[in-house]
Structure formats: C-alpha cells, structure tokens
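In what follows, chains carry the letters A, B, and so on, assigned in the order in which the sequence lines appear, proteins first and then strands, with residues in each chain numbered from 1.
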There are 2 protein chains.
Amino acid sequence: MNGAEALVRTLVACGVDTCFTNPGTSEIYVVAALDLVPEMRATLTLFEGVATAAADGYARMSEKPACTLLHLGPGLGNGLANLHNASRAQVPIVNVIGQHATFHLKCDTPLASDIEGIAKPYSHWLKTSRKAAELGKDGAEAVLASRTAPGQIATLIVPADVSWSEGGQTAAAPQFPRPTKVANKQIEKAAEMLRSRLPTALLMTGNALYGSGLVAAGRIAAGTGARLLAPYPLRRLQRGAGLPRVDRVNYVLEQAIEQLKEIRQLILVGTQVPRAYFASPGKDSLFISSECVIHTLALPGEDYVAALEDLALELSLGNNQPDAVQPERPSIPKGSISLPGLASVIGALLPERTIVVDESMTSGRGLMAATHGAPPHEWLGNTGGSIGIALPLAVGAAVACPDCRILCLTADGSAMYTSQALWTMAREGLNVTTVVFANRAYAVLKREFSYLGEGGPGPRARPLFEIGHPDLDWVQLSKSMGVPGTRISSLDEFAKSLNAGLQAGGPTLIEVPL
Amino acid sequence: MNGAEALVRTLVACGVDTCFTNPGTSEIYVVAALDLVPEMRATLTLFEGVATAAADGYARMSEKPACTLLHLGPGLGNGLANLHNASRAQVPIVNVIGQHATFHLKCDTPLASDIEGIAKPYSHWLKTSRKAAELGKDGAEAVLASRTAPGQIATLIVPADVSWSEGGQTAAAPQFPRPTKVANKQIEKAAEMLRSRLPTALLMTGNALYGSGLVAAGRIAAGTGARLLAPYPLRRLQRGAGLPRVDRVNYVLEQAIEQLKEIRQLILVGTQVPRAYFASPGKDSLFISSECVIHTLALPGEDYVAALEDLALELSLGNNQPDAVQPERPSIPKGSISLPGLASVIGALLPERTIVVDESMTSGRGLMAATHGAPPHEWLGNTGGSIGIALPLAVGAAVACPDCRILCLTADGSAMYTSQALWTMAREGLNVTTVVFANRAYAVLKREFSYLGEGGPGPRARPLFEIGHPDLDWVQLSKSMGVPGTRISSLDEFAKSLNAGLQAGGPTLIEVPL
C-alpha cells in the first residue's frame, strides 16, 4: 500500500468520507487511491474557493470534517478566503495539500512555493508529512486536530513521493476529545445575573443555536425573560415555528445599537462582545452600552450545550418548556419587485427543513423577520465577512444533507466570486435553489462611502462601487454551467419561480433584478 | 491632505498611474482619493485574482508597476495564485492592501486576519504603514522595492485610520536603481564557450527576449551558430518574421529532452537549468544531458541587455545583423476541427503587433510552430504554472497597450478560474479576442495519470479529470458578462470568427469545442 492509499483509508477510518477537490499533478496519487477506497466520496470543484466553502457548509450541517484536496501553494491560496470564513465559523476541516516530491523541491521549478507559509494564517494545525509510513498517522492527527473543539482547520501537506512510495500504514481513529465543561462558578454567576431580572441576553454560537443546546437556551429564556441572540456572522441557527426565538444581531451599527439598547447584562456563549465589523472615524464600534455587564458563560470550544443545560438546572428550569415561536407566515404579495415583498414571498413559501444559506447582504435585511414564523428551518450565514461564500456553502450543505432543500440567497457582487459552484451543483444534481439579488452594486460600500461626509462618490470612485455597465446576466451565467435559470420581473413571478425551484429535482437559479 | 490622498499622489509621482482593484470598506478612503487625483486610472475587477494577473500583464508590457488595491487578508488571499505567477514572471507590482483601523484590530472582528502572514510568501518587500504622515514615503519605498531588478512584488498594508487621518505628505519619486552589470569574466567565459563551436544555446528571460536584448542575442546567434531558447514558463517573447528565432522549450519531459539533446553548452541569462515542472517516480526531471556544461552569464536581476551587448562586442559581432526569421504563414485550412488546423488558422491570420496571451495548455502545443513566421508579435505565457492567468493577463496587457490587439488563447479548465475577467474586458472595451479550447478535461492530469502505469483512471478518479457533465457553455458564459461570444464547428468558421474578432472594437470570445 502506498502512502496515498494509507492516507485515504485512514481518513475514512476517522469518519472523514467526503472530499471537495480540485487536484493537480502532485495530487494524482491521492486521486488514484480513490479508486481503491470507494468509501471516500470526492466532489470536483472548478475553483478551490468552492472546495473550501463547501467543506465549511458540510461541517456546519454534519458536525464533522470533510477534507479538501488542493494543488500546491496556489491551489491553497485560491481557497484561503473561504478558509478565513471557515475559521471564523469554527468548523472542522482537514486540508490535504499536495507538494512537490521532497527531492524535487530544491530545483525551484515554477510551481514551487512556501506552502506552509501560505497555510499558516488559517491553519490551527499544520504539518508536512515526511514518509509514506507516517502518512496514515499524520492523517489521523490532522482529523484529531480538526475535531478539537470548537472545530479547527488542520492542514496536512503531502509531498508527491510520500504519496507514491510504498510502505503506507493505515492508522486507527483516535479518541476525539469532548469539549471542556465550563466551571461551576461560571454557571452560578450566569444564574445570579438571570435571577436579577435585569434585562439580560444570551449571545450564542455553535451548537447552542440548534438541537438540544437551543432547547436548553429556550428554557432559560422562557423561565427568566432573557433574550436569545445570535451574532450577525451566523454559523448555523435553527429557527421557525415551534422553536425558541433567537434574534440575529443587526449588521448596521445604528440598527444594532437600537436593537440592543435595553440590554443591561450580556451572557456570552462561545461569542465575543458584539460590535461593528469596521471602525469609522469618531464612532465607537460597540453595539452595547458601555455600562452593560458582560459575563462569559462559555469560551469558544467549551461545552455550550452542557453549560446551557447546567444553567437551566441551576435555575431549576430543567423540565420547563421553551416558549415556542407561533406559526406565522406573510401572505404572498403581488405586484412589482420590492425588498419587503421578496422577503414576504420567501416567508410565505419556505418549506419545512429547508437550509437557508444567506449572503444576501444589503438586499436581505428583511428576510429574518419575514421567515421567523415559517416552518422549522436552518439558517447559515457568512461568518468571516469575506464575500463569495453562499453558492459553495450551499454545495457543502447539500452534500451533507441530501434529503434537504437548500435555499441559497446571494447578492450579485458576492456570487461573482465563486460562481463556479453552480457547475458543481449541476454535476452533482444538488437540490439548491439560488436567488441572486442583482442590485448591480457593492451596495455596502456605497453606504459606507456616504459616512465619509463628502457627499456621494465622484466620477472616478463611483464606478468602483457599481457592477453594472455591463449588467451581469445571471440567467445566461447559470445556464452556461448547467443550472436552469430564470429572471423574474414581479413578485407574482418570483413566487411562481421560487415554488417551482423549491420543488425541482436538482439546482435552479432565479435572478431578481433590483 | 489625508494619508490616502498622499499615497495616491505619491504613487502617481513615482510613475504608478494604473490600479487594478476590488476595494472594500477599509479601502474607501483610497477610493475617495481617486476623485482628487485623476492621473490614477483605476480598473474594477470582480475578483482579486483578476486584479493581480492584470497587474502582471500590465507590467510585462509597460515595464513598470501597476498597483493593486485589495480588501484585507481575504482579498489578498484571492489574489495570491496570480501573485505566484507574477513572482515567477519577475515583474514589478505594488499591492496596496487595506487593513482595519489600528485601534480596531484588537477587537478581532470577523474580517481581522494576519495580512502580513498572508502576504509574506509572495512579497519581496512588505510593510504595514503606521502613520498618515509616513504613508506617502511608504508608498515611494514600495515602488522603489518593486522596481528593484528583475522586478519584485511589494506589499504595503494600509490601516484605515492611517488612510483617513490628516497630515499626509506626498513623497518624491526616488531614483530607481539600474540592474547590476555582470562581471567581465562572466562575459569572457561565455565568449570562450561560443568560440568553441560546440553546440551551444542561450536560455534567456526578461528583456533579453525583446527589443535591444533580443537584437543583441540575435547577433550572437548569427555569428556563432548558437541557438536561442526561451523557457516554457514564458514571461514575454518578441517573435515573428524579421526577428531572431527563439525556440520555446517544450513542456513535456520527453519532448524537451529530444528538443535539447544536441546541446553541449548552455548559457543562462536570468534563467535556471530547464527541467520538468514535476518529478515522477524513477525519472530524472532534467531536460539537458548531465554532461552539458552550464554557464550563468547573468543572474536574475542582472543587466541582461548589457550582458548580451557586451558579449556581442567581445565576440566582435557588434555590427553584425541577426539572422531574421523569414515571413511564412500557413495557408488557411478548411474542414473539421483539429489542433493542427486551429494552429494553422491562427498562424495564417495573426496581425502584426498582436500580443498573444497563451494558456492554451495541451491544446496549444502546435501554436508556436504555426506562428513563427507570422508578422512580428509578442507572446506571453503562464510563468508560474498556477492556472487561471490568461484572461486577466490579457486585461492587463490591453490596459498597458491600448493600441494593440490581444489574442488570448486559453483552455476551458484554466479559464474557469478567473472568468470574471471577461466582465472587465467588456466594461473597459478592451481589444481582447479570446479563444477557449474546450476539451472538457484537465488533459494535463489525464496524461500524467497515464504515467502511473496503472492504466487509465478508474470510475472514481476519472470524473475528477473531466469537466464535462455538464458541459460548460462558453458562449452563454461570455455573453452573461457582456462579451459577444460564438461557438465554431469547423476550421472555416474558426477563420471567419477569428478574423472578425481580431478586427472588432472591444472584446469577443470564440469557443472551440474539441
């Protein structure tokens, strides 16, 4: 058995059976091993930024790592921006990056590069394998590192001769560590705050926002009057009718301050104090009052679910039921396109168990409100602010959850970053319905520019914020990659196309001109 | 004057008047400064990998740096792969990367990242500016570093508050250093080798391959019988009727060995000993005989043109004329599509002064032979082996040379990496005629796989080398971004479409199904 086969067998033994890849010459030994290990499912992407975001989406939904298989330093470089987002999502990912044969590296041929240097900024664990006999063990270590709470990015660099040499040995799955439990005094302090009945909120992430974590948080909210909050950079949130209500913090500074102004005590569950993504001259970026008392119930990577369940027990709320959001849907509006109207159509039609992938940016600000009483669904956002995540994140979520429908809401500017994901949706027949909000602008930047107090952008700055001239034709772009597309011109048409898309087998795309 | 304005004014004062950008919030102060400094021409790209390759293409043709303006660590990350190629092309580029305000960084908001870490692997010079008053000076230092021979990548990281703060000071253009002249003994040694009349070749790069460098090399070849060679990873080569003949080294190991087997002495002008990009088990990657005598006439960054001119003088060939390639064109073939036929059509129709950007990969192997006697033209290749350079490299070359026609030859696999460049071509009305060789495969990888000696790829490996299912529709993809496209089905149609494209104002695209 060569090193590559030992690596693939080990990854499968460790529960990593899904690979998102764009391989090159250095990786063909690993590709060849796929024919020997059918348990590993490999999905081709036409650009590495699709592979890394797909691994992120897969991990958010399956709670275990996928691996990527990428070509040398440049291939990893193309995947970095969505590794940035994945790093902020705190998901497990195992990157397998091919490298030149060890004896070839010194020749400094054109593709030689400092792969470790490129990997370092976004790798919590990083190793270049040295021997075929160790590649299995290295792979198991990478999986172990990735599964270290709250979820880490592990990068294993595999020289070609380490892959192709005989002597590979499969390693057994290690014991994956449980997240650390929080100290009792953290729970007691949180309980004391909640008993005070001062306006209190829990700002949560990770598995506190779905499943048993969300149920425990819901009990606490119901029993104490506390508000439940999720950060704007949203990893995964289970929501809708019958589930506890969790409000997502707004993106815009002024709106977030208004949203959070009553809060006097804030309890953090794996999160940071909420603030604006960017600083502006003369403005404080903090979303909450400087007098607000902050308590960290659980640090990132601690056991959020146990902390919430223990807190509910401490508050004697163990058997209480959470307050459930009441079923409520907007009616389907008709007439000309408007952002509230589009949000209402989505709220009216969203099927149960849909996974909503949301990078709708400025166009989607009303979506959370319009869908809060829809049947139970999941909501995934952009965690790191690097645009271009939605389409490939949807790919990963669809691969993880083949029985679910994915509704991918994206802006035109961000979708242009990784539009290659449409091709992978078509090839794999993924059930992804994509809505492109085409406002033909980097609208966030136009708004930020208005803060400069210099009036609007002038004739040389303005074209850098506008992505019309020429207008992108999303229907043709989508069809060019094998995904049926349609452009709507009214809310009626949107409802019809959305309904059709949500019931189609395979991917579709709807362009919404704004 | 704020820091951003001082930076832009300084860049212009230093001769950097062209910017390829995809800005974000951290960069809007620099964007705002563009309205105050109309001498700076900024071109929007919809993905940062387009910006960095465009800066490369611009530098190859204009022999001076453009700047990029990119958003934080992820924006730079998206540009890395083509910075890899630019680094191997040894061109000057000044990257301006926005950063969070210095006081905001500690808040670790979602877009915070280790920008210096991301920049380091591909930056010969790297600095984070600290004060508005120093930003002009830092910009001038960056330009100076970029113009250090043979051409370097300089990355200046600009925190938002350094941009927005008052107190900016424009810096004057520094004296740009001349490349170092090579020592006399290097020239004498080369002359001695050439006088021996043993089969000798000069393998050259940089400005040895065009203009006065090429003329001097041509005199040497004519006077001594030496062969002139260019590396397969080709930065820029001037060629065609009336110019000295330079052969590009083949990509494929066996073909390159055959091509170079007669050579007994090899003189390097800014190049390395030629070898295969990748190592294979049990094969030597070297293209030349191990008995071949190697002499380095000029190291990378030394003065190639002076070295060649001095060498011609040393050989008393100063007034000789180079042997000129005779005008010769294939006739236009008709009938069904074939690679030799496509090459002949291009050879028959290539207009004088065309800049050919060539990332045609496996499909383009016959192109150099078919065009060698065409009217004088320039040839730019992929220098670093990271695919996805052709379309954006063409953007940069077109911006640098608005009076030239660009013929962009690309494979489908590589063009999918940075297809967003088509939109920039349309917006800017660039005279780029793109030909996509659509073989629906990563054909290089299929061939490499055959070397494994395991037969063809099996059912799980094969789909990772094929990019059909679904087939990409390049006509629709092109039109979706505003570039008229057509698909040809015979050589007659190819000739007609190519001719029309080469005479059109603005960009066009031709899909060649293979």
What residue in Ala119(A), Gly482(A), Gly385(A) has the most heavy-atom pairs under 4.5 Å with chain B?
Gly385(A)
Are the side chain of His469(A) and the backbone of Ala426(B) linked by a donor-acceptor contact shorter than 3.5 Å?
no
Contacting region of Leu76(A) [heavy-atom separation from chain B under 4.5 Å]:
neither
Chain A heavy atoms under 4.5 Å from Phe103(B): which part of the residue, side chain, backbone, both or neither?
side chain
Quick check: do Phe47(B) and Thr418(A) have side-chain heavy atoms less than 4.5 Å from each other?
no
Check whether Pro463(B) gets within reach of chain A through its side chain, its backbone, both or neither, counting any heavy atom under 4.5 Å.
both
Region of Leu36(B) in contact with chain A, defined by heavy-atom distances below 4.5 Å:
neither
Donor-acceptor side-chain pairing of Tyr417(A) and Glu48(B) below 3.5 angstrom
yes
pair Tyr451(A)-Ile28(B): side-chain heavy atoms closer than 4.5 Å
no
Can you tell which part of Pro231(B) gets under 4.5 Å to a heavy atom of chain A, answering side chain, backbone, both or neither?
neither
Might you point out which heavy atoms bring Leu452(B) and Ala32(A) nearest each other, and give the distance in Å?
CD1-CB, 4.0 Å
Do Thr25(B) and Tyr442(A) have side chains that get closer than 4.5 Å, going by heavy atoms?
no
Among Ser280(A), Ala101(A), Gly413(A), residue most engaged with chain B (heavy-atom pairs, under 4.5 Å)
Ser280(A)
Structural part of Glu448(B) lying under 4.5 Å from a heavy atom of chain A:
both
If you count heavy-atom pairs under 4.5 Å with chain A, which of Val31(B), Ile387(B), Val483(B) comes out on top?
Val31(B)
Main-chain N/O of Gly468(B) paired to Arg427(A) side chain as donor or acceptor, under 3.5 Å:
yes
Okay, Tyr232(B) and chain A: the region with an atom under 4.5 Å from a heavy atom over there is neither
At a heavy-atom distance under 4.5 Å, which candidate from Glu116(A), Lys120(A), Gln272(A) has the highest pair count against chain B?
Gln272(A)
Tell me, side chain or backbone of Ala112(B) under 4.5 Å from chain A's heavy atoms, or both, or neither?
both
Can you tell me which portion of Ser26(B) sits under 4.5 Å from chain A's heavy atoms? Options are side chain, backbone, both or neither.
both
Could you check which of Pro38(A), Ser478(A), Pro457(A), Pro23(A) has the highest count of heavy-atom pairs closer than 4.5 Å to chain B?
Pro38(A)
Taking every heavy atom of Met416(B) against every heavy atom of Met481(A), the minimum-distance pair comes out as CE-SD, 3.7 Å
Is it the side chain or the backbone of Trp423(B) that comes within 4.5 Å of chain A heavy atoms, both, or neither?
both
Which atom names give the shortest non-hydrogen contact between Pro74(B) and Ala81(A), and what distance separates them?
O-CB, 3.8 Å
Heavy-atom pair with the smallest gap, counting every atom of Asp35(A) and Gly458(B)
OD2-N, 2.6 Å
Contacting moiety of Ser285(B), where chain A heavy atoms sit under 4.5 Å:
side chain
Minimum heavy-atom distance between Leu464(A) and Leu44(B), given as atom pair plus value:
O-CD1, 3.7 Å
Polar side-chain atom of Arg275(A) near backbone of Thr109(B) as donor-acceptor pair, under 3.5 Å
no
Do Arg88(A) and Asp108(B) sit within salt-bridge range, that is, some charged N less than 4.0 Å from a carboxylate O?
yes
Which word best sums up how the rings of His71(B) and Phe278(A) line up, parallel for under 30°, tilted for 30 to 60°, or perpendicular for over 60°?
tilted
Using every non-hydrogen atom in the two residues, find where Ala279(A) and Tyr29(B) come nearest and quote the distance to one decimal.
O-OH, 4.4 Å
Ser480(B) side chain near Trp474(A) side chain, heavy-atom distance below 4.5 Å
no
